[in-house]
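Any value given below was found using the heavy atoms of this structure, including those in side chains, with hydrogens, waters and symmetry copies removed. Order of the sequence lines sets the chain letters (A, B, ...), proteins ahead of strands, with each chain counted from 1. Every value quoted in this text rests on a predicted model; they were computed, and no experiment measured them.
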Amino acid sequence: MTDATIASPLQRLRTVLDDAVLNVTGGERPRSAPSLERPKQAAHGDFATNAAMLLPKIVGAAPPMIAERLTVALQEHLGDALREVEVAGPGFLNLRLSDAWLDAALADVVAAGERFGAAGVAVPEAIHLEYVSNNPTGPVHIGGARGAAFGSGLANLLDFHGHRVHREYYVNDFGNQVALFGASLQARARGEEPPEEGYQGSYVADVAAEIPDAATRPVDEVAVAGIALMVARQKASLERFRTTFDRWFSERSLHQPRDPAEGSAEPRPSEVDEAFGVLAEQGRSFEQDGALWLRTTESGDDKDRVMRRADGRPTYFASDVAYHYDKRVRGFDRVIDVLGADHHGYIHRLKAAFVALGGDEDRIEILITQFVNLFEDGERAKMSKRAGEFVALDELVDDIGVDAARWYLLARSHDTTIDLDLAEAREQSQENPVYYVQYAHARIRSILQRAADGEVTGAREGDDEADASTAIVDGERELLLALLAWPDEVAEAADRRAPHRIATYALALARQYSAFYRDCPVLAAGVPDEVRARRLDLCRATAAVLAAALGILGVDAPERM
RNA sequence: GCGCCCGUAGCUCAGUGGAUAGAGCGUCCGCCUCCGGAGCGGAAGGUCGAAGGUUCGAAUCCUUCCGGGCGCGCCA
C-alpha cells in the first residue's frame, strides 16, 4: 500500500456524507463543506455534522426537515455500518457507527502503521522553508531557539503531510557587522578589549583562540575564519536541538560574481546585480538622490526602501532582494520565511521584493514567531550574565533538556508570547506534559513487548464476572475515535502552519489512552481472544500515532523510561 | 502617532461560526493484592479585556475603546 492509496476511514465517511448532501440538494454544493467531527459530548454520538444547517437556502426548507432527508440518504449509503442517526438541537445530525465499521476502521489504521495520517495533502508542493537565520557573530540565542523549534517542527509537519520541504538557514556573513566581528576577534587575540561597538561576549576570545595567527593576520581573514567557526558552533547547537538544514545559504555569495555559464568565458554578474537588473527592467525600482530604491509601497509598505546607496554600497535590503530572487529562480511552489518578532516590519518589503521579481503574492508567506520570556520561580530569569549575550540555546538545553525545551517552545502557537518558567520545565519534569506523552508511548511499547513474548497476566478482580461479549466498549470506542481524528489533525495543523496543534493532540491522545488502559485490560487472563486482538491493535495504532506526533515535534518517543 | 502580535480558570496556554468553553501546573479529597503509580478518579476555580454590530447561532467575524509585547534607519 502506498501513501497515495491510504484513505482514512473518516475521509471515506466524509465522502459518503458529501454524496448524501448532493442527493438532498439535487447536486448543488453548500458554500462551506459540512463538518464531520467528534462532538464534545459522548451523548451526541461518534460523529456529528452541521450539514443540514448549511442547506436551508439551497433546499428551501428548515434544518430539521433537511436533517431528516439527510438521515434517509445516509441510511441508504451506509446500511448496516450506521447504527444510529438522530437529529438534535438546531439541526445537528449525530451519527453512531456499528462495531463492524469501527473494527474495519481500526484494521485500516493498523495496516497504515506509522504512515497513518501521512501524505494526506491534496496538492503536494515544493516548499522553501527558511528559519533561525541568526547572525553568525554569536551563539544561537533564545529567540533563535524558538525559531528553530517552530521552523523544524513546521518542516517536519509539512513533510509528513506530503509536501517536499527544503530547509534553509540564511547566514548573514556580509556587511560591516562581519568586519566588526573580525576586529573584535583580533582584539581578543591580542589580549585587548573589543572595539566600543564590537562583540563583548566571552565566546569571542574562545573563537579567537581557535584561529591561527589571529593577532597578526589581516583582519578580514580573521573575520572569515571567525564566521566559519561560529557557523560550525551554531550548526552543532542546532543539531543537538534536532534542527537541521539542507543548506546554509551564504549572504556573501549573493554579492560575488558567479562562474561563467556553460559555453561562455564571461563570469556572470552577482545575483544582487542580476536582481537589480530584473527590477529595473520591470520598472519596479527607481533612482532618487543618487540611490536605488524599490517601490515597496506597492505591497503595502509605509515607505519605499533603498537597495543601493549613493556611494554604490548595497544596503542589507539588497541582500534580501537578491536572496528572494534566488529562491524564486530555484523554482519552488512556495516560499515560507520564519522570522523573529523584531522583524515583523519586514513583511511588506520582503513580499514586495518577491512580487516585484515576478513571484506570486500567494506563494510567499512570512511567519513571525513572538518573543520568549524566561522565568525562574516566577522571577525573570537571568541565565547568561556574560556581557553581550542573550540567553543561549545551549544553556536552555543544558538546563531542561532537548525534549522539554522543544515541547515548551513548540506546544504554543507561534504568534503568542511564551512565558517559560524554567523551574517548572526542569524541577517538575516528572509531571511535565512532554514526559506524560512519552510515558504513554513507553507503557504501550512495554505491553506490546509482553504480548509478543506471549505473556498473560492474572485475571483482575471483577474480570471473571464480565461476560464474554466481544462488543466494543466505551474505552475502546473513545480511543479509536481519537485515533481516527489524526489525519484531520495533521491536515489542519499543516494548512494553518500550526505545529503546536500536534502537541495538543498528542497530549489528548495520551490521556485517552490512559482511560483505555484503566478500563480495558489487554493481557489479563479471561479476556476473549477476539477482544485481546482488538485491544492489541488499539495499542499498536496508538503507539504508532504517538510516535508520529512526537516525531513531528522532534521529541524522542522512548521504548522505556 | 502609525503598524504587527497578544488579552480565555490562581499560573502557563489550547480552542479562527455550532450544542453545557478545555488541558497542564497549582490547591483540596480519594486510589498501589491490578498489563509501567513518570499513573488514575473526583472537587473547587471563568461577565472568554470592555462596549456596540453581523448571524438561526460569536471566545471565534466587523467597528471602537482599554491593557501588554514588539517594531517603525540609505544598521545588519
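With centres under 5.5 Å and a plane angle under 30°, the ring of A/His44 is stacked against the base of B/A19. Both geometric conditions, a ring-centre gap below 5.5 Å and a plane tilt below 30°, are not fulfilled together for A/Tyr436 over the base of B/G24.
Comparing the P positions of B/C5 and B/C61 gives a spacing of 11 Å, expressed to the nearest Å. Between B/G46 and B/A14, the two C1' atoms lie 15 Å apart (nearest whole Å).
A ring-centre distance under 6.0 Å is found for A/His255 and A/Phe174.
A/Met53 comes within 4.0 angstrom of a nucleotide base, judged by non-hydrogen atoms across all strands. If you check every strand for non-hydrogen atoms under 4.0 Å, A/Ala442 touches a base. Across all strands shown, A/Glu559 has heavy atoms under 4.0 Å from base atoms, whether or not it also approaches the sugar-phosphate. Residue A/Asp289 is in base contact, counting any heavy-atom pair closer than 4.0 Å across all strands shown. In this structure, A/Asp415 reaches the sugar-phosphate backbone alone: every heavy-atom distance under 4.0 Å involves primed, P, OP1 or OP2 atoms, never a base. Nucleic acid contact class of A/His348 (heavy atoms, under 4.0 Å, all strands): none.
Side-chain N/O atoms of A/Arg496 include none lying less than 4.0 angstrom from OP1 or OP2 on B/A14. One finds no side-chain N or O of A/Arg252 lying less than 4.0 angstrom from the OP1 or OP2 phosphate oxygen of B/A76. Proximity of A/Tyr439 to the phosphate of B/C40: no side-chain N or O atom is located under 4.0 Å from OP1 or OP2. OP1 or OP2 of B/C74 lies within a sub-4.0 Å distance of a side-chain N or O belonging to A/Lys303. Dashed line: the shortest gap from a side-chain N or O of A/Arg518 to OP1 or OP2 of B/C35 is not under 4.0 Å. Look at A/Arg511 and you won't find any side-chain N or O under 4.0 angstrom from OP1 or OP2 of B/G39.
Of the charged side-chain nitrogens involved, none lies within less than 4.0 Å of a carboxylate oxygen, so that A/Lys327 and A/Glu168 do not count as a salt-bridged pair.
The base of B/G39 lies outside donor-acceptor range of the side chain of A/Ser514, with no N or O pair under 3.5 Å. Judged by atom type and distance alone, A/His344 does not reach the base of B/C5 through any side-chain donor-acceptor pair under 3.5 Å. Taking only distance into account, the side chain of A/Asn94 meets the base of B/A19 through a donor-acceptor pair shorter than 3.5 Å.
Glycosidic conformation at B/C4 (O4'-C1'-N9-C4 for purines, O4'-C1'-N1-C2 for pyrimidines): anti, more than 90° from 0.
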Show the atom names and distances, to 0.1 Å, of all donor-acceptor pairs under 3.5 Å that link a side chain in residues 338-345 of chain A to residues at least two apart or in another chain.
none

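A/Tyr439 meets the ring pair (Phe, Tyr, Trp, His ring centres under 6.0 Å) test with no other residue; sequence neighbours excluded. By the side chain to side chain donor-acceptor pair (under 3.5 Å) test, A/Asp529 is found to be paired with no residue, residues two or more places apart in sequence or in another chain being considered. Taking the side chain to side chain donor-acceptor pair (under 3.5 Å) definition, one finds that A/Arg96 meets it with A/Glu84, sequence neighbours left out. With sequence neighbours excluded, the residues satisfying ring pair (Phe, Tyr, Trp, His ring centres under 6.0 Å) with A/Phe181 are A/Tyr199.
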Report summary line: Encoded 5' to 3' (Watson-Crick or G-U under 3.5 Å; [ ] crossing; | other strand), RNA chain B becomes ((((((((.[[[[.)..(...]]]].(((((.......))))).....[[[[[..)....]]]]])))))))....
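Stacking of A/Arg233 on the aromatic ring of A/Tyr203 is not recorded, the 6.0 Å distance cut-off and the 45° axial limit not both being met.
Mapped onto RNA chain B by nearest heavy atom, A/Pro433 and A/Pro90 fall at different nucleotides, with A/Pro90 at the one closer to the 5' end.
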